[in-house]
Number of protein chains: 2
Amino acid sequence: MEKIRGEAKGRSASGRRAERTLQRDPERTRASILAAATWEFAENGIGGARVDAIAERAGINKRMLYHYFGDKEQLYLAVLEDAYVGIRTAEKSLNLSDLEPEQGISELAMFTWGYFLEHPEFLSLLGTENLHRARWLRQSTRLKELHSSFIDKLADLLQRGKAEGLFRPDVDPLNVYLTIAALGYFYLSNQYTLSTIFGRDLMDKGNLDVWKRHIVHVTLASIRR
Amino acid sequence: MEKIRGEAKGRSASGRRAERTLQRDPERTRASILAAATWEFAENGIGGARVDAIAERAGINKRMLYHYFGDKEQLYLAVLEDAYVGIRTAEKSLNLSDLEPEQGISELAMFTWGYFLEHPEFLSLLGTENLHRARWLRQSTRLKELHSSFIDKLADLLQRGKAEGLFRPDVDPLNVYLTIAALGYFYLSNQYTLSTIFGRDLMDKGNLDVWKRHIVHVTLASIRR
DNA sequence: CAAGCCAGTAACTAATCGGTTACTTTGTGA
DNA sequence: TCACAAAGTAACCGATTAGTTACTGGCTTG
């Protein structure tokens, strides 16, 4: 099948810049590889992911994948970094400093739950990364700088709560965050074995809502005086 | 390298039965394949596990692996079944019905935590199985029969607590168990990314102990009236 | 003790997979 | 406008990997 020469020439000669109708578009190509790779790695883990499958899903030639990302492992790292940037960016919309202590904890818990629920691929990538003992996370300078911003804000919030006599004085910010994350992560990432064994559909709308309220309740109950 | 004929004949002719010095020992071979496969699947996931690596680790010829287990997937299923049998067997040592309600919850939480801590391979296999949406667990008739025995016992325990006015009347047994499991599972299975990002060694003896007490505290705080 | 089955080995194979080579096409700036 | 770099393609390659073949050695039973 031949390309129509005249058409391409006519377009480029018109002087319009980056019309998004270009036959060649590095940014879009890169983005579609990243999206396809995120799906493939989340779905199959790093050992099960197939480079050819990523190329096909992205609608590009496999050569391009190596052109933009080097090799399979570097592509995986780019996917992981992108996923972390995603949650850290979303976190910024949370303004814990403006809220009453109990309200703040509740918002943090619901935000975390909501993010996990909407981003199953993030949970899956975390699972893969931990299977490999954070091998790629540890070698990523970019991710080591990108530490969670809200542990500090959470510490302030808890401090205010303690000063008001609402929270126990020995409450630790990281442990509070781990509690919230644990309850959300486990419920969602292990839903398949749990639903099978206990015969309850954990993704049922009603059950999801019960669990969301449960996380808030548990977290608050554990830190109150 | 030649086998020494006389030695082997002499041994078998002596009339002693199953001296455990047999050159051929089906049970031991099977067991060593299973142990090696458990390690390999837990370490690399199903996609990353290598049949040759399992054979080498088990000290057997690869042919034997197919002889005893059929193929890689059936071997994985055998590993998964074995792991579940392990925890269900251990659960039986718990006698919740003999304990006071609060004491019972505390024992259950500490037992679960202890088991997870001593069996990282079980957590890893759960992660792999969930990545694949419980594909093998669902097709295993053996595992579907092997449901967790202590949800019923836990229900009784909670019922007693409710009757004594200790626990809230709306407390759900499965949610209590999920809470306990979630707090243990997430802390341990995600320790690598968490330690890297938050700069705290979660496997430090002191931190492990704090978390154990934390699980008990959180669980009790969430169900008390 | 003969016969047959089961345990075990070494070497092989077909297919898969990550990565590359050799090449063409397209955009752009001197 | 043309030279050059970047974007893109198709076909290929060597290594790995799950699974097999063809065979030997050893245990049990009638």
Side-chain angles (χ1 to χ4, degrees), chain A residues 1-33 36-37 40-41 44-77, chain B residues 1-33 37 40-41 44-76:
Chain A
M1 214 182 282
E2 292 239 329
K3 295 271 166 63
I4 300 120
R5 277 180 149 263
E7 192 185 13
K9 263 205 173 167
R11 229 187 261 128
S12 68
S14 69
R16 287 171 278 161
R17 276 177 158 255
E19 271 279 290
R20 202 89 314 190
T21 331
L22 292 170
Q23 290 179 8
R24 305 171 62 166
D25 188 337
E27 268 179 59
R28 196 180 48 182
T29 301
R30 219 192 108 96
S32 78
I33 293 171
E40 179 74 7
F41 284 122
N44 302 303
I46 197 164
R50 294 292 163 252
V51 168
D52 292 85
I54 294 169
E56 194 186 340
R57 172 169 283 262
I60 51 103
N61 188 282
K62 189 167 55 154
R63 179 70 182 77
M64 287 296 92
L65 188 153
Y66 290 94
H67 181 63
Y68 286 104
F69 295 96
D71 62 14
K72 187 185 179 182
E73 295 200 8
Q74 286 176 266
L75 174 57
Y76 168 76
L77 179 56
Chain B
M1 215 181 285
E2 293 239 326
K3 294 273 166 60
I4 302 120
R5 279 180 149 260
E7 192 187 12
K9 263 201 171 167
R11 230 188 261 127
S12 68
S14 70
R16 287 172 276 161
R17 274 177 162 256
E19 271 280 289
R20 201 88 317 188
T21 331
L22 292 169
Q23 291 179 4
R24 307 170 59 169
D25 189 336
E27 269 179 61
R28 197 178 49 180
T29 300
R30 218 191 109 98
S32 78
I33 294 172
E40 178 75 6
F41 284 122
N44 302 303
I46 197 163
R50 295 290 163 254
V51 169
D52 292 84
I54 294 169
E56 195 186 339
R57 173 168 282 261
I60 52 102
N61 187 282
K62 189 166 56 152
R63 178 72 183 75
M64 286 297 93
L65 188 154
Y66 290 95
H67 181 62
Y68 285 105
F69 294 96
D71 62 15
K72 188 184 179 183
E73 296 201 9
Q74 285 175 268
L75 174 57
Y76 169 76

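Convention: sequence-line order gives letters A, B, ...; per-chain numbering from 1. Every heavy atom of this structure was used, including side-chain atoms; hydrogens, water molecules and symmetry mates were not.
A salt bridge (charged side-chain N to carboxylate O under 4.0 Å, His left out) with B/Asp52 is found for one member of B/Lys72, B/Arg57, B/Lys62, B/Arg63 and no other, namely B/Lys62.
When rounded to the nearest whole Å, the span between CD1 of B/Ile33 and P of C/dA7 equals 11 Å. The interatomic distance linking B/Ile60 (CD1) with D/dG19 (C1') rounds to 13 Å, in whole Å.
Atom-to-atom distance recorded for B/Tyr66:OH and B/Gln74:CD is 11.0 Å, nearest 0.5 angstrom. From B/Phe69, atom CZ reaches atom CE of B/Met64 across 11.5 Å, with rounding to the nearest 0.5 Å. Note that OG1 of B/Thr29 is 11.0 Å distant from CG of B/Asn61, once rounded to the nearest 0.5 Å.
Between A/Thr29 and the phosphate of D/dG8, there is a side-chain N or O to OP1/OP2 separation shorter than 4.0 Å.
In terms of the salt bridge (charged side-chain N to carboxylate O under 4.0 Å, His left out) criterion, B/Asp71 has no residue partners (sequence neighbours excluded). Taking A/Glu56 as the reference, nothing meets the salt bridge (charged side-chain N to carboxylate O under 4.0 Å, His left out) condition, with sequence neighbours excluded. Among residues two or more places apart in sequence or in another chain, the ring-ring contact (aromatic ring centres under 6.0 Å, His included) test is passed with B/Phe41 by B/Tyr76. Here B/Ala53 pairs with B/Glu40, B/Arg50 under the side chain to side chain contact (heavy atoms under 4.5 Å, CB included) rule; sequence neighbours left out. Applying the side chain to side chain contact (heavy atoms under 4.5 Å, CB included) criterion to A/Ala58, with sequence neighbours excluded, gives A/Ser32, A/Ile33, A/Ala36, A/Ile60.
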Enumerate all atom pairs, one protein N or O and one N or O from nucleotides 10-12 of chain C, separated by less than 3.5 Å.
{"residue": "C/dA10", "atom": "N7", "partner": "B/Asn61", "partner atom": "ND2", "Å": "3.3"}

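For the segment residues 64-74 of chain B, residues with any heavy atom less than 4.0 angstrom from an atom of DNA chain C are, sorted by number, B/Met64, B/His67, B/Tyr68. Taken residue by residue, residues 45-59 of chain A places heavy atoms nearer than 4.0 Å to DNA chain C at A/Ala49, A/Arg50, A/Val51, A/Asp52.
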